[in-house]
Amino acid sequence: MNVQKTCEQFRTYLDRIKALQNASSLLHWDAATGAPRKAVDDRSKTIGILAAEIFSLATSEDMHTYLTTLEPSVSELDPITAALVRECRKDYDKMTKIPADEYKAYSELCAKSMSVWEDAKEASDFSMFAPLLEKIVDYNRKFVQYRGHEGHPYNTLLDDYEPGITVEKLDAFFGVLREKIVPLVKKIAQSTKQIRTDFTSRSFSVEQQKAFSLYVLEKIGYDLDAGMLKESAHPFTLGFSPNDIRITTHYYPENFTSAIFSTVHEAGHAIYEQNVDQDLAGTLLSEGTSMGIHESQSRFYENILGRSLGFWKYFYPKLQELFSEQLKDVSIEQLHEAVNHSTPSLIRIEADELTYSLHVMVRYEIEKALLEGQIQVKDLPSIWNQKMEEYLGITPKNDKEGVLQDVHWSDGMFGYFPSYALGNAYGAQFVHSMKKELDLEKLVTEGQFEPIKTWLRENIHRHGKMLSPNEIIQKVTGEDLNPLYFTQYLEEKYTQLYGL
Ligand code: CO
């Protein structure tokens, strides 16, 4: 066997998969950013055919042959091909260990379940959704058995989004968050500090908001020649290669800060992927290494930079120039306080930086117990409400603002939520290292974002999927995940803000 030749054939084979994925992604992008409404059925059919093609290439006899041929000589391969073999093996095992007919039935169940969930949420009636969710949970428990697991069965699902993360690590992680954040939230609730937020609901024209979003994007280092900004119902980032990473945002005339932070958040995701090494372009390694590391970059730009006083010292004059009437009686400090205002709320996606991770903790504990078979789906509304009361001190009045609020479970996505909280913690841990080399506050206040981006590129972005999340954290910070950097950051920030 000629390893070199097999390598080349393998890479060409992967190019075919990538091309189909790109085509499918472009259809999704088009659907979310303005394709004609009547095109939905035709487009769904096209997407379905592409998905089936991708699946069959990724699980084919050819793929099996490539993997078994290249794996014994993995040490002789170039590092990129070796990493591709490793990633393809993971996907191959994941897709082939579950019997095809069961997986098909499960996919159909999820597709149906999404629309049932929508109706149940609209009616605020969990019992409509419960029978389907029960089946989805059963399937997931069964799939974990097919796929195998080390330690807790939930570990297999967690690993899909955050390689290397386990229940053991997350129990310790959320333990620290619970111990540090819950009391801080209570202290703030008792604080007498008044934060002015009246001006945030004044009317801001969408055109001007768009101009400001583009201004900020350019300044913070999102490359508009390798991307674009459009509008969609829910903001997201879509990447093809470092040379084409697109983002969307959503403008609300009566809530101008929403688009600003959505735009900056998605820019954080996009700057990550725009700065992956060009050597990896066109391969499946040209992505963020995990959901959590991805989220660390978006939240770094959105929260750590975007909600800092220095950021607003730099950007406020421009904002005031665009909205001189609406902001004439608002100081920089008042704006900074308003965008950091913290109060327990029911909806995760609207939660502030401080309380956000507690929303994730509720979902983590429930998913873990479901996978263990410790709790029953029918009891979820009451379990949910109890946990919200315990951690946030508020109880949802109905299922719509409680257990039914998120789409993830209807699509069978178990193990995804923890990434959001991990992202917050990774971000703060990276910043601790960054500050040893850069005067972050000074740079942001002066609008010098290039050295920050360079630091992120060299330490994190350029590696793409070549390094695992834990390898990156170790390399950058010299230790494993340590949530204390995040909780210290929160304690300092909110103590100052609320004068605690
Ligand atoms: Co994100």
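As the structure is a computational prediction, the values presented were derived from the model and not from experiment. Atom set for the values below is all heavy atoms of this structure, side chains included, hydrogens, waters and symmetry mates excluded.
Minimum interatomic distance between Leu404 and Ala120 (heavy atoms only, all atoms of both residues): CD1-O, 3.5 Å. Nearest approach of Ile220 to Ile271, heavy atoms of both residues: O-CD1, 3.8 Å. Residues Asp125 and Ser127 come closest through the heavy atom pair OD1-OG, 2.6 Å. Heavy atoms only, all atoms of each residue included: Pro242 and Ser286 are closest at CD-OG, 3.3 Å. When all heavy atoms of Leu177 and Ser357 are compared, the closest pair comes out as CD2-CB, 3.8 Å. For the pair Ala259 and Thr249, the tightest heavy-atom approach, listed with the atom from each and the gap, is O-OG1, 3.3 Å.
Considering only residues two or more places apart in sequence or on other chains, Tyr222 meets the ring-ring contact (aromatic ring centres under 6.0 Å, His included) condition with none of them. With sequence neighbours excluded, the residues that form a side chain to side chain donor-acceptor pair (under 3.5 Å) with Gln278 are Asn243. Residues forming a ring-ring contact (aromatic ring centres under 6.0 Å, His included) with Tyr161 (at least two apart in sequence, or on another chain): Tyr416.
Relative orientation of the Phe261 and Trp312 rings is perpendicular, given thresholds of 30° and 60° on the angle between their planes. Between Trp409 and Trp384, the two ring planes are perpendicular [angle over 60°; tilted spans 30° to 60°]. Between Phe311 and Phe315, the ring-plane angle classifies as tilted under the 30° and 60° cut-offs.
Residue pairs meeting the salt bridge (Lys or Arg N to Asp or Glu O under 4.0 Å) criterion with at least one member in residues 20-36, sequence neighbours excluded, do not occur. Judged as a salt bridge (Lys or Arg N to Asp or Glu O under 4.0 Å), the pairs with a partner in residues 485-500 (not counting sequence neighbours) are, in order, Glu353-Lys493. Within the structure, every pair that satisfies the ring-ring contact (aromatic ring centres under 6.0 Å, His included) test and touches residues 478-500, not counting sequence neighbours, is listed here: His432-Tyr485.
Looking at heavy atoms from C-beta onward, Glu471 lies out of side-chain contact with Gln474 at the 4.5 angstrom threshold. Between Thr263 and Phe212 there is no side-chain heavy-atom pair separated by less than 4.5 Å. With contacts defined as side-chain heavy-atom distances shorter than 4.5 Å, the pair Trp117/Val407 qualifies. When side chains are defined from C-beta on, Phe414 does not count as touching Asp160, because their heavy atoms never get closer than 4.5 Å. Annotation: side chain of Leu380 is in contact with side chain of Leu133 (closest heavy-atom distance under 4.5 Å). Contact of the Met434 side chain with the Asn459 side chain is not registered, since no non-hydrogen atoms from C-beta on lie closer than 4.5 Å.
Classification of Glu446 and Lys442 as a salt-bridged pair holds, one side-chain N sitting under 4.0 Å from a carboxylate O. No salt bridge links Lys169 with Glu162; every basic N to acidic carboxylate O contact stays at or beyond 4.0 Å. A salt bridge links Lys397 with Glu401: the closest approach of a Lys/Arg side-chain nitrogen to an acidic carboxylate oxygen falls below 4.0 angstrom. Taking a cutoff of 4.0 Å between a charged side-chain nitrogen and a carboxylate oxygen, Lys121 and Glu118 do not qualify as a salt bridge. Between Asp171 and Lys368, at least one side-chain N (NZ, or NE/NH1/NH2) sits under 4.0 Å from a carboxylate O, which counts as a salt bridge. Using a 4.0 Å cut-off between a side-chain N of Lys or Arg and a carboxylate O of Asp or Glu, Arg202 and Asp329 qualify as a salt bridge.
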Thr395 and Met388: CA distance, side-chain angles, deciding distance, side-chain contact (heavy atoms from CB on, under 4.5 Å) verdict:
CA-CA 6 Å; Thr395 309; Met388 287 298 287; 6.0 Å; no
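Residue Tyr215 holds its OH atom at 9.0 Å from CG of Leu322, rounded to the nearest 0.5 Å.
Seen from the ring of Phe417, Arg348 does not count as a face-on cation partner, given the 6.0 Å and 45° thresholds. A cation-pi arrangement is present between Arg299 and Tyr356, with the terminal nitrogen or guanidinium carbon under 6.0 Å from the aromatic centre and inside a 45° cone about the axis.
One side chain, Gln429 or Thr477, offers a donor N or O that lies under 3.5 Å from an acceptor on the other. Using modelled atom types and a 3.5 Å distance limit, the side chains of Tyr251 and Glu231 yield no donor-acceptor pair. Side-chain contact check for Glu365 and Tyr391: at least one donor-acceptor pair (N or O, by modelled atom type) lies under 3.5 Å. When only modelled atom types and interatomic distance are considered, His269 and Glu295 share a side-chain donor-acceptor pair under 3.5 Å.
Residues Tyr364 and Phe174 place their aromatic rings such that the two centres sit under 6.0 Å apart.
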